[in-house]
4 protein chains.
Amino acid sequence: MTGETRRPHTGRRRNEAARRAILDVAVELLGGTGDTPVTIDTIAAAAGVGKQTIYRWWPSKGAVLLEAVAERAGADIPVPDTGSLLGDLGGFLRATFRAVGHERTVSVLRHAMAEAQRDPHAGEHMRAFIAGRRAVLRGLLERARDRGEVSPGTDLDLVVDQAYGVLWYRILVGHAPLSATEADALARALTAQVRG
Amino acid sequence: MTGETRRPHTGRRRNEAARRAILDVAVELLGGTGDTPVTIDTIAAAAGVGKQTIYRWWPSKGAVLLEAVAERAGADIPVPDTGSLLGDLGGFLRATFRAVGHERTVSVLRHAMAEAQRDPHAGEHMRAFIAGRRAVLRGLLERARDRGEVSPGTDLDLVVDQAYGVLWYRILVGHAPLSATEADALARALTAQVRG
Amino acid sequence: MTGETRRPHTGRRRNEAARRAILDVAVELLGGTGDTPVTIDTIAAAAGVGKQTIYRWWPSKGAVLLEAVAERAGADIPVPDTGSLLGDLGGFLRATFRAVGHERTVSVLRHAMAEAQRDPHAGEHMRAFIAGRRAVLRGLLERARDRGEVSPGTDLDLVVDQAYGVLWYRILVGHAPLSATEADALARALTAQVRG
Amino acid sequence: MTGETRRPHTGRRRNEAARRAILDVAVELLGGTGDTPVTIDTIAAAAGVGKQTIYRWWPSKGAVLLEAVAERAGADIPVPDTGSLLGDLGGFLRATFRAVGHERTVSVLRHAMAEAQRDPHAGEHMRAFIAGRRAVLRGLLERARDRGEVSPGTDLDLVVDQAYGVLWYRILVGHAPLSATEADALARALTAQVRG
DNA sequence: CCCTAAACGAGACGGTACGTCCGGTCTTAAT
DNA sequence: ATTAAGACCGGACGTACCGTCTCGTTTAGGG
């Protein structure tokens, strides 16, 4: 998969290169065609790592997967500052939907969420990841509220739930696309909702 | 689990009692404490059934679980007719949240959705179930639109996604409760949004 | 290895063909060149069997190996009846040494005895196998005693220990050959000893 | 296990105290109850030593165990000089059986012999150890032969094989005790055998 | 009214993945 | 330079679960 070049040992300290290889391979396999199963054995083999090196640092397969996914997803989603709620929210959701819109990413996130339901360790990672993303979006909304674009008494957490709820619902059920058009529609709807 | 009383054979016709026992046990185990794993073997044993009897009628484990879940969830959610969107939507969401609010039901749905991500048969069942629920809610919204309570050009499917998105998002992540209060807040938010 | 022809299932009864394939492969691997490790996985693979089929019927790897070995070794060692102790004992030991003299068989027995020291199940099997072989040789000696060829008061069990002791000692340490010449020398020595 | 007192580094010279601790711990663990597995890790930990310190001086685990065992067993077995074969042989075998008769020692030797079958280094050590013990016993027999107590043409190596064969056979199979009574019976039998 | 075909309970089976254990190698940091 | 510490790769272990298969039993319904 990767790791053709010999990876040197690092003695009694954790080998960061091995950690990287494991997480990279995990994401690669999760987003793959599905012909290679996403197994601890396949991850270890593709990363050129012993299974024990995985279990030394992660408590379960789900934990590896979730850490790998959480590290990727959410990175590189800029928080725009256009001066208006509709602009900010639209930009943010477009970027989010675009990042998630790839077939591979949808596959990764679907399986990550599934794993989080079975593996308590994965669930913990998932909750932490979700909380992080929610905080970012809530910050965006709070800025708009401070500008007076949100009617007082609006439950911002509920707005956040609606945005991410629609996203995850579509990821998991697959009944509707996740494109820029949909992102804009959602942004307009939520903006109208909070306008008061 | 159940099935203490001997279940008589039915000769060369499908044994309806066995089918019932299988689906009942499946839901029972899915909603259990998790100390009993939900496997085909445990289902078969608890239902007093041979594994082949399961695989004769369902193509995979996921199909059994999803059929069991779909049969339960969604039943007994009345569609109110109060004459106003807020009343109808509030009533519907309160009933839905109440049905889902039990710890056991949340567990059942969590695992059902997880299974739907892995097992194509389960995924198919899940999509059909989801489509059914969406149709009900969309019907409620269309009635309101016909009454003039919804501004023209509103994307009703997006509203449906927002409602069920919030529901599933909270079921799967578990970061917020699912009570009547939340149902009402969501109903008010969506009503405000579509009012135009 | 073997088993190119499809092996039919036998329903809810133990599959005797699978049992045979497992034991045959075990002996084959034990006596092999050593380039294929004797592993539950390799045995299962070579026998065309799932690992669980092995663990369903044997408690541990050692138990499989010992049953396989015990079934082979000791079979086809005839108990001669020449009318004299020297003739009987010589014939028996020659046959025994010849059966064991092959490089492959030595390898099998060495590893079997080693396994018996580590795996309690294997130890139990080994003791039973050893007891069986001892009983045969002791019977031979008792016949000679009844003919008056053994001085009264001779401890026949000690004589048996001397014969099999030499055999196993040489198998395990490998410092001396196991040929017909050695068998005859041992038979003469023991005959002289018990003559009185 | 031991090593509570800090053992000082000795810079660039081999640390003799570490070597001692390793061998002592090895024997201690081999003779233990079996609840602590005898692995390189447990030996290193109990000896307060790094694994590399073991592998710097021994080529494999088996080599450590065999050196530890060979160093102990065979020490303190005096070669008596009573003037008669029966006396000398009886005394030697009684001392040998007594040294081996302890439950712990039997366990140590059992596992050492098992290791010798798997690990070539251990096998080499074992053969050397065995050769040493054989030479001692053969010397005893040669003295008797020189005194005329052994009939000409007797194969002394075969006699040695019988003595140690009985010993090891009983150690490994455990079907008979190893006490002074048994030592005497064996001495009498062998004396009668070689008397001619 | 019997006889055959289908459904059933039971459970062995081949296969795949899990998470643990251990042997032997390697690097770091301390002495 | 040697040591204690311990991470690392490789690979075997024994368990769990899936979906398939066969057996022997039971009943319904066609001849």
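Throughout, a chain's letter reflects where its sequence line sits, starting with A, and its residues are numbered from 1.
Between I54(A) and K51(A) there is no side-chain heavy-atom pair separated by less than 4.5 Å. Under the 4.5 Å side-chain criterion, counting only non-hydrogen atoms from C-beta, N15(A) is in contact with R7(A). By the 4.5 Å heavy-atom criterion applied to side chains, R19(A) and E67(A) are counted as neighbours.
Between V38(B) and G50(D), the residue anchored nearer the 5' end of DNA chain F, judged by the nucleotide with its closest heavy atom, is G50(D). Where P59(D) and A18(C) each meet DNA chain E at their nearest nucleotide, the meeting point lying more 5' is that of A18(C).
Ranking dA12(F), dG9(E), dA7(F) by closeness to the T39(C) side chain, first place goes to dA12(F). Relative to the side chain of N15(B), the nucleotides dC8(E), dT15(F), dC18(F) differ in distance, and dC8(E) lies closest. Side-chain atoms of H9(B) lie closest to dG9(E) of the nucleotides dC13(F), dA7(F), dG9(E). Distance from the side chain of R13(A) is smallest for dA29(E) among the nucleotides dA29(E), dA17(E), dC8(E).
Look at R7(C) and you'll find a side-chain N or O under 4.0 angstrom from OP1 or OP2 of dG14(E). The side chain of K61(A) places an N or O atom within less than 4.0 Å of a non-bridging phosphate oxygen (OP1 or OP2) of dC18(E). For dC8(E), one of the phosphate oxygens OP1 or OP2 lies less than 4.0 angstrom from a side-chain nitrogen or oxygen of W57(B). The side chain of T10(C) contributes no N or O atom lying less than 4.0 Å from OP1 or OP2 of dT22(F). For R56(C) and dT15(F), the shortest distance from a side-chain N or O to OP1 or OP2 is not below 4.0 Å.
Backbone-only engagement by P37(C) is indicated by non-hydrogen atom pairs under 4.0 Å involving sugar-phosphate atoms exclusively. Contact annotation for S60(D): backbone-only contact, meaning every heavy-atom pair under 4.0 Å involves sugar-phosphate atoms and none involves a base.
Using a cutoff of 4.0 Å between basic side-chain nitrogens and carboxylate oxygens, E115(A) and R118(B) are scored as salt-bridged.
Rounded to an integer number of Å, the gap from Q52(C) CD to dG14(E) P is 11 Å. Rounded to an integer number of Å, the gap from NZ of K51(C) to P of dC13(E) is 16 Å.
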